[in-house]
Amino acid sequence: MTDTLIAAATFVDRHGSRHPLPDASAEAQVRADDRAHVFHSWSAQALIDPLPIAAGEGSTFWDYEGNAFLDFSSQLVNLNLGHQHPDLVAAIQQQAGRLATIQPSMANDVRGELARRIAEVAPGDLDRVFFTNGGADANEYAVRMARAVTGRRKVLSMYRSYHGGTATAISLTGDPRRWPNEPSDGSVAHFLGPYPYRSSFHASSEAEETERALAHLEQVITLEGAGTIAAIILETIVGTNGVLVPPPGYLAGVRELCDRFGIVYIADEVMVGFGRVGEWFAVNAFGVVPDLITFAKGVNSGYVPLGGVVISQRIASHFDTVAFAGGLTYSGHPLACAAGVATFEVFERDGILDRVRDLGSRVVEPRLREIAAAHPSVGEVRGRGLFWAIELVRDRATREPFVPFNASGTDAAPMAAVAAACKQAGLWPFVHFNRLHVAPPLIIAEDELVRGLDIIDDALGIADGYVAG
């Protein structure tokens with residue numbers, strides 16, 4: 001970055017204060033450095049043009065020209081407390097001034113406090129925490145624990161899932177990001193989870209979907225060999241692959257299958273933990289207690305990388321006299337944990353969980369129902385809290401997806417047009433396949449939330465133009 005302080009543009013924060021932005025020469029340097037030296041994830045490097053971002057505050061971020069974008073994706077569904085939350089920034093600054101880092105084999109006050117706070121809100125007897133650097137390695141280590149405890153190797157996961165980009169995590173992933181990374185961990189098998197709108201089981205009700213999806217899972221367990229399966233890993237609410245809320249009884253049925261066959265139940269809460277759906281952990285809304293819960297993202301809004309595994313007493317006790325074969329240099333990093341402790345304090349002081357439940361039920365859901373009724377391109381809206389999906393179709397009767405599965409290039413152009421309309425109106429959307437996802441920061445002001453939904457409503461006029469007939 002340059003040291004330019006005189007701005008060509010400014011932004012106004014939520015308190016009405018005006019702040020300068022770096023000038024055009026600073027933006028040019030950012031672009032030049034990025035294009036010459038930064039290698040971006042999940043991208044063909046010559047085909048992308050990343051937008052330089054100059055500042056962020058609350059639910060909004062700004063480019064170098066002063067254009068404001070309402071962040072309806074919370075970046076990567078991790079910025080639960082928004083951009084530049086003063087409490088999180090202050091906690092990191094204070095911790096850096098006192099003790100910037102310490103190795104994980106030593107005890108540390110903020111690490112221990114955060115682990116205790118997580119254990120206090122986790123269900124059942126999950127009261128030990130192994131810290132990681134993010135969600136992918138949390139899932140890696142949860143699987144490693146399950147394999148060590150059961151003496152088995154195989155893991156089952158859903159096709160409609162994403163569990164991370166590292167070796168085992170990408171193997172667990174069911175979506176197309178897995179394909180170019182194969183073969184990797186060959187001890188993973190996939191199954192079909194519930195998806196009432198596009199039921200693979202020809203179900204006509206949620207009850208039928210639950211019953212038939214569980215029968216399918218039990219059949220997969222039988223055919224894969226129950227005695228070979230260490231774990232079943234599930235996103236409690238499927239995230240990027242559809243915001244698929246499990247129908248009543250499904251997660252309880254998975255718990256029963258795991259108990260019956262001696263399989264470890266891993267709940268991947270990397271995306272939906274820490275308030276996203278109005279619960280500390282989403283499993284709390286479904287009355288089930290997994291053996292392991294993986295988390296990251298919202299635990300400290302990604303201000304410093306942090307993830308982890310919450311461990312039940314049964315799993316943890318296996319390692320009382322047997323060494324756990326795993327570790328990370330930055331496990332439980334003090335700066336990350338300080339931001340995590342501050343996150344708990346903000347949640348409790350500001351009633352974040354109640355706020356999310358209220359905004360989700362009172363503002364988001366009824367508005368999305370109105371949008372669905374008004375636009376023939378909307379096949380279904382679904383979700384809870386501040387986590388929703390708008391599934392777009394070409395034909396409501398046939399439910400033909402708005403764009404093909406895993407579309408790219410010209411096939412994906414209709415969704416790109418909808419996304420571009422959102423951005424042009426000042427909203428940064430979360431788009432995946434044929435869906436728009438609604439996942440703003442949990443601290444979003446109600447008027448901002450309404451404005452963002454209005455922008456989506458307008459942008460869907462473009463989608464309607466592609467509807468058959």
* **Test log, rule side-chain hydrogen bond (donor to acceptor under 3.5 Å, both in side chains), inputs S199 and R212** => CA-CA 10 Å; S199 176; R212 295 175 184 184; over 6 Å; no
Salt bridge or not for [X] and [Y], using N-O below 4.0 Å?
| X | Y | answer |
| --- | --- | --- |
| R255 | D291 | yes |
| R355 | D350 | no |
| R382 | E391 | yes |

What do you reckon, is [atom1] of [X] surrounded by more than 12 foreign heavy atoms closer than 6.0 Å?
| X | atom1 | value |
| --- | --- | --- |
| L99 | CG | yes |
| F319 | CZ | yes |
| R144 | CZ | yes |
| E345 | CD | yes |

Spell out, as yes or no, whether a donor-acceptor pair under 3.5 Å connects the side chain of [X] to the backbone of [Y].
| X | Y | answer |
| --- | --- | --- |
| N139 | A136 | no |
| E57 | Q84 | no |
| H190 | L172 | yes |
| N434 | V403 | no |
| R152 | G262 | yes |

What's the shortest heavy-atom distance between [X] and [Y], and which atoms?
| X | Y | answer |
| --- | --- | --- |
| Y250 | L217 | OH-CD2, 4.1 Å |
| I232 | C258 | CD1-SG, 3.9 Å |
| G58 | P441 | O-CG, 4.3 Å |
| S157 | V188 | OG-CG1, 4.0 Å |
| I444 | F72 | CD1-CE1, 3.8 Å |
| D87 | A342 | O-CB, 3.9 Å |

* Rounded distance (nearest 0.5 Å) linking atom OG of S171 with atom CD of E182 -> 7.0 Å
* Structure fact -> Separation between CD (E279) and CD (E269), nearest 0.5 Å, reads 9.5 Å
* Structure fact -> Across all chains, not counting sequence neighbours, the ring pair (Phe, Tyr, Trp, His ring centres under 6.0 Å) partners of F402 are Y466
* Measure the shortest side-chain to side-chain distance between P334 and I102 over non-hydrogen atoms and say whether it is less than 4.5 angstrom. => yes
* To do: Would you please classify the geometry between the F191 ring and the H216 ring as parallel, tilted or perpendicular, with 30° and 60° separating the classes?
  => tilted
* Answer yes or no for R128 and F324: cation-pi contact, defined as NZ/CZ to six-membered ring centre under 6.0 Å and angle to ring axis within 45°. => no
* Hey, does the Lys NZ or Arg CZ of R111 hover above the aromatic six-ring of F131, less than 6.0 Å from the centre and inside 45° of the axis? -> no
side-chain hydrogen bond (donor to acceptor under 3.5 Å, both in side chains) partners for [X], two or more places apart:
| X | result |
| --- | --- |
| D63 | N67 |
| R260 | E218, E256 |
| T166 | E140 |

* Option from T173, D175, N181 for which side chain to side chain donor-acceptor pair (under 3.5 Å) with R177 holds -> D175
* Structure fact -> Sorted by chain and residue number, the salt bridge (charged side-chain N to carboxylate O under 4.0 Å, His left out) partners of D354 (sequence neighbours excluded) come out as R357
* To do: Could you tell me which residues satisfy salt bridge (charged side-chain N to carboxylate O under 4.0 Å, His left out) with E446, sequence neighbours excluded, listed by chain and number?
  => R362
* What about W388 and F430, are their ring centers closer than 6.0 Å? -> no
* Structure fact -> Tested for side-chain contact (heavy atoms from CB on, under 4.5 Å) against T343, the lone hit among L81, L114, N80, L306 is L81
